[in-house]
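Here is the structure we will look at.
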Amino acid sequence: MLRFVPPAGTPLEVMDILHAWKASVSAKGKEKDSLEALGARLRVRHILGASSGRAALWLVLKALHRLRPERNVVALPAYTCFSVAASVVRAGLKLHPLEMDPATLDADTSGLDTLPRDKLLCILTSNLFGFVNDVSLYKRIAGETGAFLVDNAAQALGAARAGNLAGTAGDVGIYSFGRGKALAAMEGGAIVTNKDELARALREEQSQLRNSSLLHRAWLLVELFAYSALLPPRLYWIAEGMPFLKLGTTEFDTGFPVHSLDSLSGKLIVHLLDRLGEINQIRCANAARITEALDGYGALRFPQPAPECQPTMVRLPVIARDESTRTRAVIRLRQAGIGATAFYPSAICDIPGIERYLAIGNCHRKKAERLSRTLFTLPVHPFVEQRDIERIIDILGALQVDRAPEDVGCQENLSAKRA
Ligand SMILES: Cc1ncc(COP(=O)(O)O)c(C=O)c1O
């Protein structure tokens, strides 16, 4: 039987889509966002919707720049989604990529010292894979420099660190509901803030968005049904065979579509919220089984969230010893029907043509560049079965056979752990 485990996903039933559709029709467009229930869960005063995470981030950056027009630099992790950089560029601002710590996937804030303080508009977190960043540190620096802190929780809905929910730690936060996020509704983004002045500026920006059209709603409905049908591993190979879906590709595109949140997405997001905690727990439990079995093997390292953090683990990140080990791992896993993916294709500073948007020219971030050559991800979502986990452990364990000197002895350990 053909079987391919998708790299990431949120199980979605046809009944969920129908429920959301019915709710959106009976709302008759009266509610702009339908996200109030999410705002209440996140315990925030203001919540606004947008068509995607990148659209949400773009609105945020424009609003912040309007409040502080003399500042135009955004500090962001050098290894993050290209759409973050695209939102900054589209907002007419300059990028200042920060070096990464591969052990935690958090950014190294010492890179802020090279910037003129009065130019820094905001610092962006990234919370990759739902590993919640050290926001207390970011907050202190933002406070000292008079910059805003934007908590980007695109991948971290439901994650927390020391009891604080990801996305709510800064002056303003954003979430994404795109494919592959903690709660996937095909599209959608949210902005949260507790600051009234900021909320006013954000609402002004949001009011300029065009509404999502009926045609768009119809297409979204088709996409949701297709997602629901094709996500289970017994059918996902069909989606994998459709290159126009651009699965697993990361593009730097400043012309991304922007409109208000479709109420179908809004209703679906709120409808799925009750399941989020359980889904994230399954992801974390699957990740722990793989990590425990393979931890300590020289060919691979597992970045770790902070001890007081509960991540979303939208995917399990793994760092290979070198690029060729990553290539072998990804090829072998995919041949075995496991949706392993090499993640972002480069660091932000190496996106072709990015130089003219950098606050400081010629900026290279060696650790971020290395991550882009060695990091890959494993699926851990609720469709991952015990047999998939065993296959992953077998394939990655066997990489040790073509091993580097530091791996000697690891294969024996692996057998012992599996037993
Ligand atoms: C860290 C991060 N920020 C922002 C975004 C943008 O979200 P969206 O795809 O909904 O535009 C993504 C999407 O992958 C992301 O991973």
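Both ligands and their constituent atoms are indexed starting at 1 by order of listing. Numbers for residues simply follow the sequence, beginning at 1.
- Between T80 and ligand 1, no pair of N/O atoms sits closer than 3.5 Å.
- Taking distance alone, with nitrogen or oxygen atoms compared against 3.5 Å, Q155 approaches ligand 1 more closely than that limit.
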Cut-off 3.5 Å, no hydrogens considered: what does the side-chain donor-acceptor table look like for residues 71-83, sequence neighbours left out?
residue : atom : partner : partner atom : Å
R71     : NH1  : R117    : O            : 3.3
R71     : NH1  : L120    : O            : 2.6
R71     : NH1  : T145    : O            : 3.0
R71     : NH2  : T145    : O            : 3.0
Y79     : OH   : Y344    : N            : 3.4
T80     : OG1  : S126    : OG           : 2.7

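- The shortest contact between atom 12 (C) of ligand 1 and any protein heavy atom is with C81 SG, 3.7 Å.
- Of all atoms in ligand 1, numbered sequentially from 1 with element shown, those under 4.0 Å from a heavy atom of V84 are 2 (C), 3 (N), 4 (C).
- Of the protein's non-hydrogen atoms, the one nearest atom 13 (C) of ligand 1 is K181 NZ, 3.0 Å.
- Checked against salt bridge (Lys or Arg N to Asp or Glu O under 4.0 Å), E308 has the following partners two or more places apart in sequence or in another chain: R161.
- Between R140 and E144 there is a salt bridge, with a side-chain nitrogen of the basic residue lying less than 4.0 Å from a carboxylate oxygen of the acidic one.
- Comparing heavy-atom distances from atom 7 (O) of ligand 1 across A153, P77, S176 singles out S176 as nearest.
- G189 approaches L261 most closely through the heavy-atom pair N-CD1, 4.1 Å.
- With hydrogens and angles disregarded, a donor-acceptor distance shorter than 3.5 Å links the side chain of R326 to the backbone of L375.
- Between F252 and Y357, the ring-plane angle classifies as tilted under the 30° and 60° cut-offs.
- From the protein, the heavy atom lying nearest to atom 11 (O) of ligand 1 is R54 NE, 2.6 Å.
- With hydrogens left out, the protein atom closest to atom 5 (C) of ligand 1 is S83 OG, 3.5 Å, a heavy atom.
- The protein atom (non-hydrogen) at minimum distance from atom 1 (C) of ligand 1 is N152 ND2, 3.7 Å.
- Remark: ligand 1 atoms within the under-4.0 Å shell around heavy atoms of S52 are 10 (O), 11 (O).
- From the protein, the heavy atom lying nearest to atom 2 (C) of ligand 1 is A154 CB, 3.5 Å.
- Taking the six-membered ring where tryptophan is involved, the planes of F343 and F129 are tilted, since the angle between them lies from 30° to 60°.
- The two residues C349 and I354 come nearest to each other via the heavy atoms O-CG2, 3.4 Å.
- Near Y344, the atoms of ligand 1 lying under 4.0 angstrom from a non-hydrogen atom of the residue are 16 (O).
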